[in-house]
Amino acid sequence: MSGTGEHDGHVGDIQHHAPQYAPSGVVEDKDHTAFVAGDRSPESVLGASEPKLKRRLKGRHMSMIAIGGTIGTGLFIGSGSTLAYAGPAGALLAYLIMGTMVFFVCTSLAEMSTFIPTSDPFNHFASRFLDPSLGFAFGWNYWASWMLTVGSELVACGIIVRFWLPNINGALWSMVALVVILALNAISVRGYGEAEFWMSMLKVLAVLVFILVGILTVTGAIGGDHIGGRNWHIDGAPFRDHIVGILKASIVAAFSFQGTEIVGVTVGECANPRREVPRAIRSVFWRILFFYIASIIIIGLVIPNTDPNLLNAGSVGDVAISPFTMVLMKAGAKWGADLMNAVVLVTILSAGNSGIYACTRVLWVLAKEGKAPRFFRRVTKKGIPIWCLLFTALWSTVAFCTSLASNKSAYTFLINLSGVTGMVFWVGIGLCHYRFRRAYIVQGYDMNDLPYRAMLFPFGPIYACTLLAIIIIGQGYGTIWPEFNAVSFVSTYLALPLFLIVWLVWKYTKKTKWVKLADVDLISGSLLELERNGEIQVFDEPDERKWKKYLRWPLRKTNNAEAV
């Protein structure tokens, strides 16, 4: 991508306008104003006597984690509803619009996370660049979002397995899934990374098979009817309900993209954040966009937007009528439902695996900054925040237990609640990036010294925040019209007042103040400091042609980084 700035990996290349480090432990900026390295605010992630996470995630883990965090049930099951809402062209436009928004959210997060690699960017960056009380609210909001997601995935797991074994209580399989997820996260961060790598690989292969089968079906190459572009000219196509249809489809698309930001959480355990974070963000975004856009095009070509099954295929219990299954069945693949059921089960385990990981790291950083109980700071010898892991599992189980009354209604409630919290911390990323870049300029640092630079600033974060505000406000449209649904309305908007309460209560009790641009800390915990102190090894950047960065196969070796 043009418009992004990278160094070749040598700290020594960073000269003018970069902070200078005195050997006595006192850090000086360009104007030789002293900052005592040991006298840091609670928001700093560093501490000489504090337990630390292990940097064991490699480049291939980072790339596939970013992909796996996005390819989920929103694509495999919920994408069909966008076709019913907006028609084939409207659904495609909705995913393109939301895709650009996600691009700017990801690049904003990448710029900050590469400069300050922390395991809880949502709390940490908001505390440093906005207000510590907002950091507290965003951090707990993110933890709650993924905790609820894990609970909903446990519910979904029980529903999915009952597709094959209807006579066995689904709660049993949900608990089995929880034990597996806990084991993967308790072993080591490498265990989590390897599991997520292979589960993400299976999802990618499933999408590629689907795209290939879809192309053969549309062209009639497998002996069936030549569909071509016929379904783009029927009633309601290519656009259905115009702006209203696109808005409804955009809401579904936005939920489908949630999880992309989890790569920002893994930065705190990445072996080489200077190189791997920009790589993951740049290349993985285009792969994800390809998977989504290609899938939506295939669904729009094969399935008429008037098919009544499209609106019904919005629950994990309806995998037999998911758009992916419908396309495979159209191609004559009678095993389509079983295949997609297996893929969705892997997707659910992957989402739960990532959710537990994200929750434990965010909670650990909150505890280090005095925003959660102190005992959460404890880690095992392998760098696992064990008490954070158990606490998250406990509350995810509590969320899951709500499904014992009614699987489908509980799943819908948890999905709605976690979805809005996801939108809230995306807004936080945009706000933090805007303030970070302004503080960086106000304090006189050189833009060329950023390890990674997001393109089109300030348009990017402003555009993303504006779209997200529209989605957050407009997502309750379906709960009000054509008839009011109190349960759906509450679950859709409940996260907003809860966020405000948490934020304002912490601000009132701690008397926090808005951080001035000139006072923003751009030194402690930065990549420059970590590399200078030897906490992160500096790797040479291999000499490659620029175009190869975007076409790199996920299984690539990362040279020196893989040997660490």
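Note that the coordinates shown come from a computational prediction; the quantities given were computed from them, not determined experimentally.
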| message | With a 3.5 Å distance limit and no angle check, can you tell me whether Arg437 reaches the backbone of Glu111 through a side-chain donor-acceptor pair? | response | no
| message | Determine whether a donor-acceptor pair (N or O, by modelled atom type, separation under 3.5 Å) exists between the side chain of Tyr292 and the backbone of Gly99. | response | no
| request: Applying salt bridge (charged side-chain N to carboxylate O under 4.0 Å, His left out), name anything that partners Arg435, two or more places apart in sequence or on another chain. | output: none
| message | Could you check whether any side-chain N or O of Ser113 sits under 3.5 Å from a backbone N or O of Ala110, counting only pairs where one atom can act as donor and the other as acceptor? | response | no
| said: So does Gly135 get a backbone contact from the side chain of Trp506, meaning a donor-acceptor N/O pair under 3.5 Å? | reply: no
| Distance under 6.0 Å and angle within 45° of the ring axis: does Lys511 meet both against Tyr508? | yes
| task | Please work out which of the three classes, parallel, tilted or perpendicular, describes the rings of Phe138 and Phe499, given edges at 30° and 60°. | result | tilted
| Under the side-chain contact (heavy atoms from CB on, under 4.5 Å) test, which residues partner Val502, sequence neighbours left out? | Phe136, Ala137
| query | Short question: side chain of Ser174, backbone of Leu154 - any donor-acceptor pair under 3.5 Å? | reply | yes
| said: I'd like to know if the side chain of Asp519 reaches the main chain of Val515, judged simply by a donor and an acceptor atom lying under 3.5 Å from each other, with no hydrogens or angles considered. | reply: no
| field | With sequence neighbours excluded, residues passing side-chain contact (heavy atoms from CB on, under 4.5 Å) with Ile501 | value | Val505
| field | Nearest heavy-atom neighbours spanning Ile168 and Arg162 | value | O-CG, 3.8 Å
| task | Could you check whether the rings of Phe436 and Phe129 sit parallel, tilted or perpendicular, using 30° and 60° as the cut-offs? | result | tilted
Side-chain donor-acceptor pairs under 3.5 Å in residues 388-400, sequence neighbours left out?
{"unit_1": "Thr392", "atom_1": "OG1", "unit_2": "Trp143", "atom_2": "NE1", "d": "3.1"}
{"unit_1": "Thr392", "atom_1": "OG1", "unit_2": "Cys388", "atom_2": "O", "d": "2.9"}
{"unit_1": "Ser396", "atom_1": "OG", "unit_2": "Met147", "atom_2": "O", "d": "3.3"}
{"unit_1": "Ser396", "atom_1": "OG", "unit_2": "Thr392", "atom_2": "O", "d": "3.0"}
{"unit_1": "Thr397", "atom_1": "OG1", "unit_2": "Ala393", "atom_2": "O", "d": "2.7"}

| message | Would you say the rings of Phe115 and Tyr452 are close, in the sense that their centroids are separated by under 6.0 Å? | response | no
| If every non-hydrogen atom of Leu527 is compared with every non-hydrogen atom of Pro117, which pair is closest and at what distance? | N-CD, 3.8 Å
| Partners of Lys513 by side-chain contact (heavy atoms from CB on, under 4.5 Å), sequence neighbours excluded? | none
| request: List for me each residue that meets side-chain hydrogen bond (donor to acceptor under 3.5 Å, both in side chains) alongside Ser108, sequence neighbours excluded, and say none if there are none. | output: His433
| said: Quick one: does any side-chain atom of Asp521 pair with a main-chain N or O of Arg128 as donor and acceptor, under 3.5 Å? | reply: no
| For Ala171 against Asn169, the heavy-atom pair lying closest together | N-OD1, 2.9 Å
| Ser145 (side chain) donor-acceptor with Asn141 (main chain) under 3.5 angstrom | no
| request: Taking Glu529 for its side chain and Gly525 for its backbone only, find out whether a donor-acceptor pair lies under 3.5 Å. | output: yes
| query | Has the side chain of Thr107 got a donor or acceptor atom that lies under 3.5 Å from a matching backbone atom of Phe104? | reply | yes
| request: Write down the atom of Phe291, the atom of Leu208, and the distance for their closest heavy-atom approach. | output: CE2-CD2, 3.7 Å
| said: For the residue pair Glu261 / Tyr142, report whether a side-chain donor-acceptor contact shorter than 3.5 Å exists. | reply: yes
